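Supplied in structure tokens, the structure appears directly below.
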Amino acid sequence: MTPKRALITGITGQDGMYLAELLLAKGYDVHGLVHGEHNPQADLVRRVIPGVRLLTGDLTDLPSLMRALTVSEPHEVYNLGAISFVQFSWENPLITTEVTAVGVLNLLEAIRMHCEGDVRRIRFFQASTSEMFGRVQESPQRETTYLAPRSPYGVAKVFGHQMTVNYRQKHGMHASSGILFNHESPRRGPEFVTRKVTRGVARIHLGLQDSLHLGNLDARRDWGFAGDYVHAMWLMLQQDEPDDYVVATGVSHSIRDLLDVAFARIGVHDWTPYVVEDAEFARTPEKNVLVGDATRAREVLGWEPTIDFAGLVNLMVDHDVAEQQGSAHEPPEGRGRPDPGA
Ligand code: G4F
């Protein structure tokens, strides 16, 4: 049987890498879009997941997307590419909009034109986000919860989400959207709070760092494991009909909880001497509790998270201790500015 083919944008990010591994294990031919000629993250993907075929392209460049579709002839397209750091989007709202919002439209249009009237030939997944809920109108948040984003990133994601819904409704595309709550792993960039904490804790444990500077310790998130979330993405594209799904654990934790678990892993039960609340990292205003209701994903897709919060944090601390000692298998570092093409 001819293997299924998939095209992934955002292949160099944590989700792209986990998804590529999942699809390769299922026998897919996997193509990934990478931005720029000498992208250091592309070398990491080549090294860690040698089965993936990389294509150059950019979500802001429609002809490059058309070319990627022609070369890969995918059955499934996963759009994981975005500028995804919320703080960065406040400093760079236009490029965030071009990549994270208009990039989705470019890809939908490229698929529509490529399929020439047979739009169901390619199934499309859009990575939407809990950041779309922003000033939350109900808790927990579900697929029908009103969208009230509070950052240029959240606004851009709402555009991509609604375009996906509209292309499904107007053009009959098999286009699904996963409203993904925070999902983490040892491959998470160190600018995000979970990895910042687990990496900092590992360095404190090894005597490489004295303290950890953080923003609001009372902020709460619904954190899951990225490997579980890419499984939900794949399940969405295996359904006969496309739809939108919240992907979340349904449990909210504070940054203090994160610190409790991470420091306990290295045997420290009072972390207060090590943690500095620093206005540089505080976001305002942030009074909302993001927590997702994944009932639809559970009932329709049969999806369940496999790793809980403590398991996730422990996994990340253990990885970071090994990495800081120079014995980890895969250095996920080297992420600078988020990669817009991928
Ligand atoms: O780890 P964060 O930077 O992630 P955030 O902003 O929730 O966004 C992530 O998850 C979203 C949902 O999946 C994605 F859409 C988005 O692309 C990204 O992947 O911050 C989490 C929380 C925030 O409340 C933040 O204020 O941690 C709080 N925080 C406290 N101190 C900090 C820090 N965040 C960061 N990055 N650094 C701090 O020092």
Side-chain angles (χ1 to χ4, degrees), residues 10 13-16 18 79-92 96 99-101 104 126-136 141 147 149-161 177-185 187-201 211-226 228-230 232-233 245-249 252-259 262 271 274-292 294 305 309 312-313 316 335 338-340:
Q14 70 164 358
D15 294 4
Y18 280 116
N79 185 33
L80 314 185
I83 287 181
S84 61
F85 190 45
V86 174
Q87 282 302 80
F88 182 91
S89 82
W90 278 114
E91 288 146 30
N92 302 275
T96 300
V99 175
T100 306
V104 184
Q126 168 60 17
S128 292
T129 166
S130 54
E131 286 298 305
M132 299 192 306
F133 296 121
R135 186 186 294 274
V136 300
Q141 297 86 49
L147 304 179
R150 298 172 95 187
S151 67
Y153 169 74
V155 172
K157 280 287 186 182
V158 169
F159 177 93
H161 178 72
S177 172
I179 305 172
L180 310 173
F181 281 66
N182 294 52
H183 47 288
E184 319 293 314
S185 77
R187 287 176 170 158
R188 191 56 142 152
E191 67 274 32
F192 295 95
V193 75
T194 51
R195 188 82 200 292
K196 181 171 173 181
V197 166
T198 61
R199 194 169 174 274
V201 164
S211 60
L212 192 50
H213 287 237
L214 294 168
N216 179 7
L217 303 188
D218 296 314
R220 301 185 74 89
R221 286 291 185 273
D222 177 337
W223 280 293
F225 171 55
D228 286 338
Y229 287 45
V230 302
M233 298 174 191
Y245 297 88
V246 161
V247 186
T249 69
S252 130
H253 290 279
S254 67
I255 309 291
R256 291 180 198 278
D257 298 335
L258 171 63
L259 291 164
W271 44 259
Y274 300 104
V275 174
V276 179
E277 284 198 66
D278 186 335
E280 187 187 336
F281 300 105
R283 297 182 200 172
T284 51
E286 233 193 357
K287 296 203 178 83
N288 294 317
V289 175
L290 286 172
V291 59
F309 176 70
L312 172 65
V313 176
M316 292 174 67
R335 297 164 58 100
D339 179 351

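Just so we're clear, the structure is a prediction, and the values are computed from it rather than from any experiment. As the structure lists them, so they are numbered: ligands from 1, and atoms in each ligand from 1.
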Practice task
Could you list which atoms of ligand 1 come closer than 4.0 Å to a heavy atom of S84?
Solution key: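 Numbered from 1, ligand 1 contributes 16 (C), 17 (O), 18 (C).
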
Problem - Pair H183, D15: side-chain N/O donor-acceptor within cut-off below 3.5 Å - result: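 A donor-acceptor contact under 3.5 Å links the two side chains.
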
Exercise for the section: May I ask you to decide whether E131 forms a salt bridge with R221, counting only side-chain N to carboxylate O separations under 4.0 Å? Expected result: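 Judged by the 4.0 Å cut-off on N to carboxylate O distance, E131 and R221 do form a salt bridge.
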
Exercise for the section: Run the numbers for me: atoms of ligand 1, each under 4.0 Å from some heavy atom of S130, listed by number. Expected result: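 Close to S130: 12 (C).
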
Exercise for the section: Mark up the atoms of ligand 1 that fall under 4.0 Å of a heavy atom belonging to R188, in ascending order. Expected result: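 Listed by number with element, the hits are 9 (C), 10 (O), 18 (C), 19 (O).
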
Practice task
Is it possible for you to check whether R188 lies under 6.0 Å from the centre of the six-membered ring of F192, through NZ or CZ, and within 45° of that ring's axis?
Solution key: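 The answer is yes; both the distance and angle limits are met.
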
Practice task
Pick whichever of Y229, F192, F181, W223 has a heavy atom sitting closest to atom 18 (C) of ligand 1.
Solution key: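 Nearest heavy atom to atom 18 (C) of ligand 1 lies in F192.
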
Practice task
Could you check if a side-chain atom of L80 sits within less than 4.5 angstrom of a side-chain atom of M233, using non-hydrogen atoms only?
Solution key: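 Yes, their side chains come closer than 4.5 Å.
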
Handout entry: Between E184 and T194: side-chain donor-acceptor atoms closer than 3.5 Å
Key =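 Distance-only check passes for E184 and T194.
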
Exercise for the section: Would you indicate which of L217, T100, N182 comes nearest to atom 10 (O) of ligand 1 when only heavy atoms are counted? Expected result: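 Result: the heavy atom closest to atom 10 (O) of ligand 1 is in N182.
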
Exercise for the section: Only heavy atoms count here, so choose which of L180, I179, V247 is nearest to atom 13 (O) of ligand 1. Expected result: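 Among L180, I179, V247, the closest heavy atom to atom 13 (O) of ligand 1 belongs to L180.
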
Practice task
Please identify which atoms of ligand 1 are closer than 4.0 Å to at least one heavy atom of V86.
Solution key: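 By the 4.0 Å cutoff, the relevant atoms are 6 (O), 8 (O).
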
Problem - I255 neighbourhood, listing ligand 1 atoms whose heavy-atom distance to it stays under 4.0 Å - result: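 The atoms of ligand 1 under 4.0 Å from a heavy atom of I255 are 27 (O), 28 (C).
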
Practice task
List for me each residue that meets side-chain contact (heavy atoms from CB on, under 4.5 Å) alongside V155, sequence neighbours excluded, and say none if there are none.
Solution key: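 If we apply the side-chain contact (heavy atoms from CB on, under 4.5 Å) test to V155, skipping adjacent residues, the hits are P149.
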
Handout entry: Close-contact set for ligand 1 against T129 heavy atoms, below 4.0 Å
Key =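 Close to T129: 11 (C), 12 (C), 13 (O), 14 (C), 15 (F).
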
Exercise for the section: May I ask which of Y153, F85, F133 has a heavy atom nearer to atom 14 (C) of ligand 1 than the others do? Expected result: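 Comparing heavy atoms across Y153, F85, F133, the nearest one to atom 14 (C) of ligand 1 lies in Y153.
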
Handout entry: Under 3.5 Å: N/O of L214 near N/O of ligand 1
Key =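 No.
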
Handout entry: Atoms in ligand 1 with a heavy atom of E131 nearer than 4.0 Å
Key =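 Checking each atom against E131, I get 7 (O), 11 (C), 15 (F).
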
Problem - The one among E184, R221, K196, E191 that brings a heavy atom closest to atom 36 (N) of ligand 1 - result: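 Looking at heavy atoms only, the winner is E191.
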
Problem - Aromatic ring proximity, centroids under 6.0 angstrom, F225 and F309 - result: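 No; F225 has its ring centre 6.0 Å or more from that of F309.
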
Problem - Residue A219 vicinity, atoms of ligand 1 by number, heavy atom under 4.0 Å - result: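 Counting atoms of ligand 1 from 1, those under 4.0 Å from A219 are 24 (O).
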
Problem - No-hydrogen, no-angle side-chain donor-acceptor test under 3.5 Å, T249 and D222 - result: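 Side chains of T249 and D222: pair found under 3.5 Å.
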
Practice task
List in chain and number order the residues that pass side chain to side chain donor-acceptor pair (under 3.5 Å) with T100, two or more places apart in sequence or in another chain; answer none if no residue qualifies.
Solution key: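 Result, side chain to side chain donor-acceptor pair (under 3.5 Å) vs T100: none returned.
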
